[in-house]
Amino acid sequence: MKIFNAKQIYEADKFTINKHKITSGQLMERAAIQVFNWMHSRMQGAQTKIHLFCGIGNNGGDGLVLARHLQDHGYNIEVFVVNYSEHRSKDFLINLDRLKEKGVWPDFLSEQSEFPSIGKEDIVVDAIFGIGLNRVPDDWVIGLMEHLNNSNAFILAIDMPSGLFMEAGLTHTEGVIKANYVLTFQVPKLVFFLPETGKYIDHWEVLDIGLDQEFLFGLKPQYELIGKNEVLSLYIPRERFSHKGTYGHSLIIGGSYGKIGAVVLAAKGSMLAGSGLVTTYVPRCGYLPLQTALPEAMVITDKEELEISKIDFGLVPSAIGIGVGMGTTVATVKAFSEFMKGNKLPLVIDADGLNILSKNRDLFKKMPPQTVLTPHPKELERIIGKWTDDFDKLKKAKQFSEKYDCILVIKGANTITIYKDMGYVNTSGNPGMATGGSGDVLTGVITGLLAQGYSPMNAAIFGVYIHGRAADIAVEECGFQALIASGILDNIGKAYLDLFQVAEPDAPPAERE
C-alpha cells in the first residue's frame with residue numbers, strides 16, 4: 001500500500017474533483033459519510049454523548065458534515081468550533097450553514113472560552129487540524145487538546161490526530177491529540193509508523209473516499225506499507241525437481257568468547273528461511289557449541305580460540321552474513337577490514353560489523369552494491385550521525401543509502417527498509433521482539449533469502465516481514481514478556497504457512513509451495 005505526502009494527496013483530491021466532475025464539497029461529504037458509516041455500524045444509535053471539535057479548515061468541515069449525519073440519525077451530539085484563526089475554508093462555511101439549518105448551533109471556542117466538561121464515558125471526535133497543520137498551535141489550542149486527552153474519553157480522530165505535522169517531526173511534546181482510533185482517508189500517513197509520532201495513535205483504519213484510482217496508481221510514493229499481500233508477491237516458490245544446492249549456501253561469520261549464541265541464532269535463522277546449506281565461521285571456542293546446538297550447519301573455525309583473527313573460509317558461499325557476536329578486538333577489526341577489501345559476494349552486516357564500519361568509515365566504500373545493513377537505533381546513529389527528529393533520520397538514511405548504494409534496515413516498532421529514495425514500512429512484529437538475539441535471527445533470515453536468489457531489496461523486505469510475523473505468531477501463546485529469540489525461530493515455519501494461506505487458503509501446505 002502506498003504512503004503519499006500531503007502534496008500528492010491534495011493533487012489526488014484536485015484530480016478527482018476535475019475528472020469526476022464533482023465539487024470539493026461533494027468530496028468532503030463523501031469522506032464524512034464514510035466516517036459516519038463506521039461510527040453508526042458500531043454504535044447502532046447508542047445515546048453516548050458525542051463531542052465534536054471542529055477546526056475552521058477542511059478537516060473541521062469534515063467534522064461538521066459528520067455532525068449533521070449524526071444529528072439526522074438521532075445521536076446525542078455537541079459541536080464545538082475551535083476558532084483559532086480568522087480564515088475559514090469555503091467548504092467549512094458551507095457546512096456550518098447546513099448544520100445550522102438542522103437546528104444545531106455550534107459553540108465557538110476562543111482563547112477566552114472555558115473548556116467544556118467531558119465525561120470519561122463520552123466520545124470525542126477530533127476534527128481540528130487533520131493533515132493541514134504547518135505550525136505549532138496557539139497556547140490556548142494546545143491547552144484544549146490537553147484537556148481532551150485528560151478527559152479519558154474515547155477519542156476518534158479524523159484523518160490524523162490534531163497537533164501532528166504531516167511531514168515534519170514534533171517541535172512540541174504537548175498539544176497533540178492521543179487518539180484511540182484514527183479514521184484516515186484513502187491512504188495511511190507516515191507519521192502513524194514513526195517512534196516519535198506513532199505513540200499518539202492506538203489504532204488506525206483507512207477509509208476509501210473514492211479518490212481516482214488510476215491517478216493514485218500513477219503516483220510514485222516515497223514510502224510503501226508492507227503487509228502480507230505485498231510480500232506474497234516477492235515469494236519465490238520451490239521447484240519440485242530441486243536439491244539443497246538449488247537454494248544456496250549461506251555463510252555466517254561472527255562470534256567471540258561468550259557470544260557464540262549469536263551465531264547459532266543467525267545460522268538457524270538462515271536455515272529456517274530456506275537456505276540449502278549453512279556454514280558458520282567462528283573462533284575455535286565456537287566449534288562444540290555450534291556442532292551441538294545446530295547439527296545441520298557446518299562449522300569452520302579461526303585459528304584463534306577466543307576471537308576471529310583472520311577470515312579465511314575456503315569456499316564460495318552464495319551470501320554472507322557478518323558481525324553477530326563478533327566483538328571489536330584489534331585482531332578482529334583487522335580481519336574484518338581485510339575481508340571487506342576483498343569480498344564481492346552479497347552481504348548482510350549487523351552488530352559489531354556495523355560498529356567496526358562506523359569507526360573505519362573508508363570501509364563503507366568497500367561494500368558490494370546493495371549490501372544490507374541492519375542497525376538498531378544506536379548503531380544507526382553511529383553510521384549516519386545524530387538526527388533532530390524521525391523525519392531527519394529518514395532523510396539522512398536515504399542520503400547515506402544513495403552515497404554508498406546500500407540498503408538500510410532501520411529496526412524498530414515498524415521497521416523501515418531504506419534504499420536510496422524509497423522506504424518500505426513493515427507492519428508485522430510486536431514489543432516482545434525487544435529481546436536479545438532477535439536481531440541476530442533477522443540477520444540470518446535475510447542472509448538465507450539472499451542465498452536462495454532473492455534480490456537484496458526483496459530479501460530485506462521479505463525477511464523483515466517473516467521475522468516479525470513469526471514473532472506475532474509466537475506471542476499468541478507466550479505473551480510479549482516471555483518471547484525470546486528462539487521463540488521467533490520456532491515460528492518462522494508457521495509464518496511461511498500463514499503467508500501462503502493468503503493465496504490458497506484451502507490447500508494443504510505441500511501444495512501451497
Side-chain angles (χ1 to χ4, degrees), residues 243-256 259-287 289-291 293-304 307-327 332 334-354 356-357 363 366-374 406-407 409 437 439-456 459-460 463 489 492:
H243 52 83
K244 62 188 178 184
T246 307
Y247 303 109
H249 190 163
S250 298
L251 175 64
I252 303 297
I253 303 173
S256 56
K259 295 182 180 178
I260 298 301
V263 180
V264 174
L265 293 169
K268 192 169 184 179
S270 188
M271 193 158 283
L272 290 169
S275 183
L277 293 167
V278 176
T279 294
T280 61
Y281 188 91
V282 293
R284 288 176 60 192
C285 65
Y287 181 77
L290 272 157
Q291 292 280 262
L294 192 60
E296 297 90 346
M298 294 170 281
V299 183
I300 302 173
T301 65
D302 191 275
K303 65 179 181 179
E304 292 293 328
E307 63 184 359
I308 288 177
S309 63
K310 184 178 181 180
I311 300 174
D312 183 11
F313 40 82
L315 56 90
V316 182
S318 310
I320 300 172
I322 188 169
V324 295
M326 190 168 65
T332 299
K334 182 179 179 181
F336 179 84
S337 300
E338 292 301 315
F339 165 79
M340 289 295 295
K341 292 173 184 177
N343 175 64
K344 304 298 181 185
L345 295 169
L347 188 62
V348 181
I349 307 177
D350 186 27
D352 286 323
L354 299 175
I356 295 171
L357 284 172
L363 293 177
K366 305 298 181 181
M367 295 188 300
Q370 298 183 47
T371 290
V372 180
L373 311 181
T374 60
C406 65
I407 296 163
V409 176
D440 302 325
V441 174
L442 177 62
T443 296
V445 169
I446 296 175
T447 304
L449 294 169
L450 270 176
Q452 292 173 74
Y454 285 78
S455 71
L489 286 168
I492 289 175

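Numbering of residues begins at 1 and proceeds along the displayed sequence.
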What closest approach, in Å, do [X] and [Y] show between heavy atoms, and which atom pair accounts for it?
X: Ile407; Y: Gln370; answer: CD1-O, 3.8 Å
X: Cys285; Y: Pro289; answer: O-CD, 3.4 Å
X: Ile446; Y: Gly463; answer: CG1-CA, 4.3 Å
X: Pro456; Y: Val372; answer: O-CG2, 4.0 Å
X: Ser337; Y: Leu363; answer: OG-CD1, 3.5 Å
X: Gln291; Y: Ala297; answer: NE2-O, 3.6 Å

Quick one: are Ile492 and Val445 in side-chain contact, heavy atoms under 4.5 Å?
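Contact flag for Ile492/Val445 side chains = yes.
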Side chains of Ile356 and Met326: closer than 4.5 Å at any heavy-atom pair?
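A side-chain contact exists here, since the closest heavy-atom pair is under 4.5 Å.
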Roughly how far, to the nearest 0.5 Å, is [atom2] of [Y] from [atom1] of [X]?
X: Lys259; Y: Glu307; atom1: NZ; atom2: CD; result: 12.5 Å
X: Leu265; Y: Ile260; atom1: CG; atom2: CD1; result: 11.5 Å
X: Ile349; Y: Leu357; atom1: CD1; atom2: CG; result: 5.0 Å
X: Met340; Y: Met367; atom1: CE; atom2: CE; result: 6.5 Å
X: Gln452; Y: Leu450; atom1: CD; atom2: CG; result: 9.5 Å
X: Phe336; Y: Ile322; atom1: CZ; atom2: CD1; result: 5.0 Å

Which donor-acceptor pairs under 3.5 Å do the side chains of residues 308-320 make with protein atoms, sequence neighbours left out?
residue : atom : partner : partner atom : Å
Ser309  : OG   : Asp302  : OD1          : 2.8
Ser318  : OG   : His249  : N            : 2.9

Side-chain (Ser256) to main-chain (Gly325) donor-acceptor, under 3.5 angstrom
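Indeed, once roles are kept as given, a pair shorter than 3.5 Å links the two residues.
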For Asp350, give me all partners under salt bridge (Lys or Arg N to Asp or Glu O under 4.0 Å), at least two apart in sequence or on another chain.
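So Asp350 forms a salt bridge (Lys or Arg N to Asp or Glu O under 4.0 Å) with Lys411.
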Residue list, ring-ring contact (aromatic ring centres under 6.0 Å, His included) with Tyr454, at least two apart or on another chain:
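By the ring-ring contact (aromatic ring centres under 6.0 Å, His included) rule, Tyr454 matches Phe462.
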If the condition is side-chain contact (heavy atoms from CB on, under 4.5 Å), which residues does Pro368 pass it with, not counting sequence neighbours?
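Partners of Pro368 under the side-chain contact (heavy atoms from CB on, under 4.5 Å) test: Asn343, Leu347, Thr371.
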Which residues pass the side-chain contact (heavy atoms from CB on, under 4.5 Å) test with Thr280, sequence neighbours left out?
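In terms of side-chain contact (heavy atoms from CB on, under 4.5 Å), with neighbours along the sequence ignored, Thr280 is linked to Ile252, Val263, Ala267, Val282, Leu290, Val299.
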Please table the atom pairs, donor to acceptor, closer than 3.5 Å between any side-chain atom in residues 270-277 and protein atoms at least two apart or in another chain.
residue : atom : partner : partner atom : Å
Ser270  : OG   : Ser250  : OG           : 2.8
Ser270  : OG   : Gly448  : N            : 3.4
Ser275  : OG   : Ser250  : N            : 3.4
Ser275  : OG   : Ser250  : OG           : 2.8
Ser275  : OG   : Leu277  : O            : 2.9

Pick out which of Asp440, Val441, Val264 makes a side chain to side chain contact (heavy atoms under 4.5 Å, CB included) with Leu489.
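The passing option is Val441.
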